[in-house]
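The structure appears right after this line, and notes come after that.
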Amino acid sequence: MKIATWNVNSLRVRLPQVLDWLASVQPDVLAMQETKLTDDAFPVDDIRAAGYFSVYSGQKTYNGVAVFSKTPAEHVQTDPPNLDDPQRRILAVTAGPLRVINLYVPNGSEVGSDKYAYKLGWLSKIRDFIACEMEAHRHTVVLGDFNIAPDDRDVHDPVAWREKILCSTPEREAFRALAGLGLSDLFRRFEQPEGSFSWWDYRAAGFRRNQGLRIDHILASPQLAEHCTACTIDKAPRKLERPSDHAPVVAEFDGF
DNA sequence: ATGGTCGGTAACCGA
């Protein structure tokens, strides 16, 4: 079984790339962020023709999350009871044997800003929601654009990014609090190349110079993590014309 | 050289 996350930065623009990628990689589940589509504009038929069912939670202009799966998703949850938030950033679904929690964590803009406070508050509430989900489901995967680089090795220039947004200590502590629930960062269960990133700024030729951050993650509950056989970042779509600024992250499992 | 580029949407905001 293969599970993936990808911040597509507009599904309208990226749909051809996403369809090509699905055809070649054939994940069982793909969690997407920043679809930037209202639900009435969602390309359900194109996705179905590619062999996938869709669930989605969209809004105008910003945010928007979706999950594609080879079997129909059930028990869809977009609004955790403890989180009163009009922004469409969460999509929890059951897909086959898995509880899948797709997150688009707020960016936070700048350390100390209102958006930063919103990000930290959101992360705190979402932690409680995930804890409840994990109690109810043995095989839970929490994945998406976390907008947090957990460690200095996830940052191309840790000195320049020190205590900056995406790298600040409170953000990293919020990420580690998820590990405290028993969730494991699947990427770090395997040996990885140095300079492994999942996002590169469009500006200043960030991708060409590999000036990136690893901010897209796949976390798994203990019972699921032990079945993980690989976790990789697929840089191929980032090399295409008109790419998303994020690359997909893919985890593979045996015994499912 | 303290900027740069995208996407959405229609002059800028958010990332």
Side-chain angles (χ1 to χ4, degrees), chain A residues 5-21 30-43 46-47 56-66 85-91 102-123 126 143-150 154-168 170-172 174-175 197-217 233-249:
Chain A
T5 180
W6 192 4
N7 179 323
V8 293
N9 187 17
S10 169
L11 185 56
R12 183 176 280 117
V13 171
R14 226 65 65 197
L15 184 60
Q17 292 184 16
V18 171
L19 293 174
D20 285 349
W21 191 80
L30 171 59
M32 312 174 68
Q33 306 83 36
E34 283 203 271
T35 55
K36 297 185 177 178
L37 289 174
T38 51
D39 291 349
D40 60 292
F42 204 88
D46 294 310
I47 301 305
Y56 37 87
S57 179
Q59 69 181 81
K60 191 175 157 70
T61 310
Y62 304 116
N63 308 316
V65 282
D85 186 2
Q87 300 193 26
R88 302 293 82 194
R89 299 179 173 277
I90 301 172
L91 193 52
N102 177 17
L103 302 181
Y104 176 45
V105 176
N107 172 282
S109 187
E110 266 186 82
V111 173
S113 66
D114 289 351
K115 291 193 174 93
Y116 183 72
Y118 164 66
K119 178 181 196 171
L120 294 179
W122 192 95
L123 283 163
I126 212 66
L143 75 176
D145 177 358
F146 285 72
N147 270 315
I148 300 171
D154 302 312
V155 181
H156 71 91
D157 185 346
V159 174
W161 282 84
R162 192 182 140 87
E163 295 301 332
K164 295 286 198 303
I165 197 66
L166 316 181
C167 300
S168 73
E171 290 167 273
R172 287 178 168 177
F175 186 84
F197 309 123
S198 67
W199 169 83
W200 301 261
D201 201 314
Y202 283 127
R203 293 166 289 189
F207 184 68
R208 185 178 56 74
R209 301 195 280 175
N210 197 33
Q211 295 186 344
L213 303 178
R214 191 177 71 92
I215 57 176
D216 300 270
H217 308 296
I233 296 168
D234 184 0
K235 288 169 79 170
R238 190 63 176 79
K239 298 172 182 170
L240 300 171
E241 291 286 324
R242 264 194 118 181
S244 166
D245 43 354
H246 296 252
V249 184

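Just so we're on the same page: letters track the sequence lines, and every chain starts at 1.
Listed by chain and residue number, R203(A) satisfy the salt bridge (Lys or Arg N to Asp or Glu O under 4.0 Å) test with D201(A) (two or more places apart in sequence, or in another chain). Applying the side chain to side chain donor-acceptor pair (under 3.5 Å) test to R214(A) and every residue at least two apart in sequence or in another chain returns D154(A), D185(A), H217(A).
Within 4.0 Å (heavy atoms only), F207(A) reaches no atom of the nucleic acid at all.
When each of N102(A), D145(A), N63(A), N7(A) is tested with Q33(A) by the rule side chain to side chain donor-acceptor pair (under 3.5 Å), just one qualifies, namely N102(A).
Atom NZ of K164(A) and atom P of dT2(B) are 16 Å apart (whole Å). For the pair D145(A) CG and dG14(B) C1', the interatomic distance rounds to 13 Å; values are reported in whole Å. One atom, CD of E34(A), and another, P of dC13(B), lie 18 Å apart when rounded to the nearest Å. Atom CD1 of I148(A) is separated from atom P of dA15(B) by 14 Å (rounded to the nearest Å). Look at CG on L37(A): it is 11 Å from C1' on dG8(B), rounded to the nearest Å. dA15(B) atom C1' lies 11 Å from atom CD1 of I165(A), rounded to whole Å.
The aromatic rings of W199(A) and W161(A) sit perpendicular, their planes meeting at an angle over 60°, well past the 30° parallel limit.
The shortest side-chain heavy-atom distance between D216(A) and L143(A) does not fall under the 4.5 Å cut-off. In this structure, L11(A) and Y56(A) have side chains that are not in contact, with every pair of non-hydrogen atoms separated by 4.5 Å or more.
Judged by distance alone, with hydrogens and angles left aside, the side-chain atoms of E163(A) form no donor-acceptor pair with the main-chain N or O of V111(A) at under 3.5 Å.
One P atom belongs to dC13(B), the other to dG4(B), and the distance between them is 15 Å to the nearest Å. The P atoms of dG7(B) and dG3(B) are separated by 23 Å, rounded to the nearest whole Å.
Residue-to-nucleotide proximity on DNA chain B shows that, of K115(A) and K60(A), the 5′-proximal contact is made by K60(A). Taking for each of T35(A) and N63(A) the nucleotide of DNA chain B with the nearest heavy atom, the 5'-most of the two is the partner of T35(A).
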Measure all distances between protein nitrogen or oxygen atoms and nitrogen or oxygen atoms of nucleotides 3-7 of chain B, and list the pairs falling under 3.5 Å.
| residue | atom | partner | partner atom | Å |
| --- | --- | --- | --- | --- |
| dG7(B) | OP1 | R14(A) | NH1 | 3.1 |
| dG7(B) | OP1 | R14(A) | NH2 | 3.3 |
| dG7(B) | OP2 | R242(A) | NH2 | 3.2 |
| dG7(B) | O3' | S10(A) | OG | 3.2 |

